Amino acid sequence: MIALAGSPHRQAAVGYAGIGALVILITLFARLVPESRVNAVVELLIGLVFLSLFAVIIYRGWWPISAALVFSNSWRAFTYFNDGRGVHVELLARLITPIQPQPIAYLNSALMTLIVILLARSAVAGYAAWRAGRRA
């Protein structure tokens with residue numbers, strides 16, 4: 001497996017791109033997008049573009065991007081987990097809405113958790129290398 005070889009940045013980039021694309025496909029085909037979203041397909045396609053862009057940046061070793069993405073992807077994991085339970089949480093709108101439980105969302109939550117772990121490893125490795133470089 002390509003994701004198992006190489007630096008933590010490369011692992012995070014490959015995992016972020018591959019697993020992220022899988023999450024987008026599952027979201028699209030399982031219709032996990034909330035009904036309040038008007039152009040869900042367009043939003044998911046835009047997400048795919050940013051996913052690719054961030055994967056390239058992470059691959060090049062820009063660990064601060066990995067660190068920043070830990071937070072947004074943790075929120076997505078939390079959101080998918082709650083969607084699986086039947087509770088949709090929207091942070092900006094400050095809404096907690098009961099929905100039909102969607103067990104497939106647990107799969108997305110697990111995949112997002114794996115992405116968070118890969119991103120955190122990349123961020124920690126990059127930070128450690130940066131700190132070591134500053135001390136020298």
Side-chain angles (χ1 to χ4, degrees):
M1 299 250 320
I2 192 167
L4 298 177
S7 75
H9 307 301
R10 290 190 172 102
Q11 292 172 8
V14 171
Y16 185 70
I19 298 170
L22 180 61
V23 168
I24 287 174
L25 287 173
I26 292 170
T27 300
L28 183 64
F29 290 116
R31 298 179 189 207
L32 295 177
V33 180
E35 295 176 11
S36 62
R37 299 283 197 202
V38 180
N39 294 322
V41 174
V42 173
E43 289 180 10
L44 290 173
L45 291 175
I46 291 170
L48 194 57
V49 169
F50 279 99
L51 179 89
S52 302
L53 176 68
F54 288 141
V56 168
I57 292 170
I58 294 166
Y59 189 86
R60 293 178 171 259
W62 290 24
W63 63 269
I65 297 295
S66 296
L69 288 173
V70 164
F71 299 104
S72 63
N73 286 284
S74 295
W75 176 255
R76 285 187 185 90
F78 174 77
T79 301
Y80 281 125
F81 179 79
N82 282 323
D83 286 352
R85 292 180 40 229
V87 179
H88 185 73
V89 179
E90 290 191 43
L91 187 61
L92 292 177
R94 296 184 190 156
L95 291 174
I96 298 175
T97 311
I99 60 171
Q100 182 70 27
Q102 301 169 324
I104 191 72
Y106 287 126
L107 176 59
N108 273 1
S109 180
L111 292 171
M112 292 304 299
T113 301
L114 181 57
I115 288 173
V116 168
I117 292 167
L118 291 170
L119 290 171
R121 287 182 62 232
S122 171
V124 168
Y127 178 74
W130 176 75
R131 289 279 296 174
R134 286 182 49 112
R135 290 183 188 163

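Keep in mind that what you see is a predicted model, and the values were worked out from it rather than measured.
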Minimal non-hydrogen separation, [X] against [Y], with atom names:
{"X": "Ala105", "Y": "Gly84", "value": "CB-N, 3.6 Å"}
{"X": "Ala30", "Y": "Ile104", "value": "CB-CG2, 3.7 Å"}
{"X": "Pro101", "Y": "Arg85", "value": "CG-O, 4.0 Å"}
{"X": "Gln102", "Y": "Arg31", "value": "NE2-O, 4.0 Å"}

Could you measure the distance from the [atom1] atom of [X] to the [atom2] atom of [Y]? Nearest 0.5 Å is fine.
{"X": "Phe78", "Y": "Asp83", "atom1": "CZ", "atom2": "CG", "answer": "10.0 Å"}
{"X": "Ile58", "Y": "Ser7", "atom1": "CD1", "atom2": "OG", "answer": "11.0 Å"}
{"X": "Thr97", "Y": "Asn82", "atom1": "OG1", "atom2": "CG", "answer": "11.5 Å"}
{"X": "Leu51", "Y": "Leu69", "atom1": "CG", "atom2": "CG", "answer": "9.5 Å"}
{"X": "Ile117", "Y": "Ser74", "atom1": "CD1", "atom2": "OG", "answer": "9.5 Å"}
{"X": "Ser72", "Y": "Phe54", "atom1": "OG", "atom2": "CZ", "answer": "7.5 Å"}

Residues 13-27 side chain polar contacts: donor-acceptor under 3.5 Å, at least two apart:
from: Thr27; atom 1: OG1; to: Val23; atom 2: O; distance (Å): 2.7
from: Thr27; atom 1: OG1; to: Tyr80; atom 2: OH; distance (Å): 2.7
from: Thr27; atom 1: OG1; to: Asn108; atom 2: ND2; distance (Å): 3.0

### Message
Which Ile, Leu, Val, Met, Phe, Trp or Tyr residues join Leu95 in one cluster when any pair of side-chain heavy atoms under 4.5 Å counts as a link?
### Response
none

Linking I/L/V/M/F/W/Y whenever their side-chain heavy atoms sit closer than 4.5 Å, directly or via other members, would [X] and [Y] fall into one cluster?
{"X": "Leu119", "Y": "Tyr59", "result": "no"}
{"X": "Val42", "Y": "Val49", "result": "no"}
{"X": "Met112", "Y": "Leu48", "result": "yes"}
{"X": "Phe29", "Y": "Ile99", "result": "no"}

### Message
Given 3.5 Å as the limit, does a donor-acceptor pair link the side chain of Ser122 with the main chain of Leu118, or not?
### Response
no

### Task
Go through the steps for Trp62 and Ser66 under the test side chain to side chain donor-acceptor pair (under 3.5 Å), then give the verdict.
CA-CA 7 Å; Trp62 290 24; Ser66 296; over 6 Å; no

### Flag side-chain contact, heavy atom, 4.5 Å: Ile57 against Leu53
yes

### Message
Per the ring pair (Phe, Tyr, Trp, His ring centres under 6.0 Å) rule, what does the pair list look like for residues 105-128, sequence neighbours excluded?
### Response
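Output for this query lists Trp63-Tyr127, Phe81-Tyr106, Tyr127-Trp130.
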
